[in-house]
**Student:** 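Please find one structure pasted underneath; my questions will follow.
All values derive from a computational prediction rather than experimental measurement. Heavy-atom basis, side chains included; hydrogens, waters and symmetry copies ignored. Positions are given from 1 along the sequence.
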Amino acid sequence: MVQRSGDGGWDRERVQALRRWLQDSQSELAERLGTRRKTVSEWETGSSQPRRMSQRLLGMVAEESGYYSAESSAGRTGDEQSGSAEGQA
């Protein structure tokens, strides 16, 4: 079953996989979500987790980009994690 926005399913690996799927830097993803680059970095390192509204926004971005379809085809985040380390300054 594919997890959707608002379900608490946005752990660090999944946030990073979405960003890689989008081919965004941390700054670019932060801009899409209306947050700071440091916040995205904190999510990706696991030092904090997205709160409810951020989870909803992540879900909206994921749905709009087709990430959920790719995620379910790849068995959640498997293939997306092999992307480049761009934007991890």
Side-chain angles (χ1 to χ4, degrees):
M1 180 173 149
V2 175
Q3 295 177 336
R4 298 289 176 164
S5 61
D7 64 357
W10 288 100
D11 61 14
R12 65 189 192 107
E13 291 89 4
R14 197 161 180 227
V15 172
Q16 192 172 63
L18 173 62
R19 182 174 62 79
R20 288 179 174 166
W21 167 259
L22 296 168
Q23 297 181 343
D24 277 358
S25 66
Q26 289 179 339
S27 295
E28 290 168 331
L29 180 57
E31 188 174 325
R32 284 182 194 252
L33 299 172
T35 192
R36 300 172 301 138
R37 186 210 55 84
K38 183 177 180 186
T39 301
V40 173
S41 175
E42 290 170 351
W43 295 342
E44 290 187 1
T45 61
S47 63
S48 70
Q49 291 189 325
R51 294 184 183 201
R52 187 181 327 205
M53 184 54 67
S54 295
Q55 288 182 21
R56 288 182 182 167
L57 291 170
L58 284 162
M60 291 170 64
V61 168
E63 190 166 345
E64 184 177 275
S65 71
Y67 174 74
Y68 285 133
S69 297
E71 183 180 49
S72 59
S73 297
R76 193 159 180 222
T77 58
D79 293 344
E80 294 89 21
Q81 288 187 8
S82 62
S84 71
E86 109 183 29
Q88 293 188 19

**Student:** Which heavy-atom pair separates Tyr68 from Gly59 by the least distance, and what is that distance?
**Tutor:** OH-CA, 3.4 Å
**Student:** What distance do Trp43 atom CH2 and Leu18 atom CG have between them, rounded to the nearest 0.5 Å?
**Tutor:** 10.0 Å
**Student:** Ser69: what forms a side-chain hydrogen bond (donor to acceptor under 3.5 Å, both in side chains) with it, not counting sequence neighbours?
**Tutor:** none
**Student:** Between the main-chain N or O of Arg37 and the side-chain N or O of Ser41, is there a donor-acceptor pair closer than 3.5 Å?
**Tutor:** no
**Student:** How long is the gap from OG on Ser54 to CD on Gln49, to the nearest 0.5 Å?
**Tutor:** 11.5 Å
**Student:** Give a yes or no answer on whether the side chain of Gln55 reaches the backbone of Pro50 with a donor-acceptor pair at less than 3.5 Å.
**Tutor:** yes
**Student:** With side chain to side chain contact (heavy atoms under 4.5 Å, CB included) as the criterion, how do Leu58 and Arg14 come out once you've worked through the C-alpha distance, each side chain's angles and the decisive distance to 0.1 Å?
**Tutor:** CA-CA 10 Å; Leu58 284 162; Arg14 197 161 180 227; over 6 Å; no
**Student:** List in chain and number order the residues that pass side-chain hydrogen bond (donor to acceptor under 3.5 Å, both in side chains) with Ser48, two or more places apart in sequence or in another chain; answer none if no residue qualifies.
**Tutor:** none
**Student:** Do Glu28 side-chain atoms and Ser25 backbone N/O form a donor-acceptor pair below 3.5 Å?
**Tutor:** yes
**Student:** Atom OG1 in Thr35, atom CE in Met53: separation rounded to 0.5 Å?
**Tutor:** 12.5 Å
**Student:** Once side-chain hydrogen bond (donor to acceptor under 3.5 Å, both in side chains) is applied, do any residues pair with Arg36, and if so which ones, sequence neighbours excluded?
**Tutor:** Thr39
**Student:** At their closest point, which heavy atom of Leu29 faces which heavy atom of Arg19, and how far apart are they?
**Tutor:** CD2-CB, 3.8 Å
**Student:** Run the numbers on Gln16 and Glu13 for side chain to side chain contact (heavy atoms under 4.5 Å, CB included), then give the verdict.
**Tutor:** CA-CA 5 Å; Gln16 192 172 63; Glu13 291 89 4; 5.9 Å; no
**Student:** Which atoms form the tightest heavy-atom contact between Glu44 and Val15, and what is the distance?
**Tutor:** CG-CG1, 4.0 Å
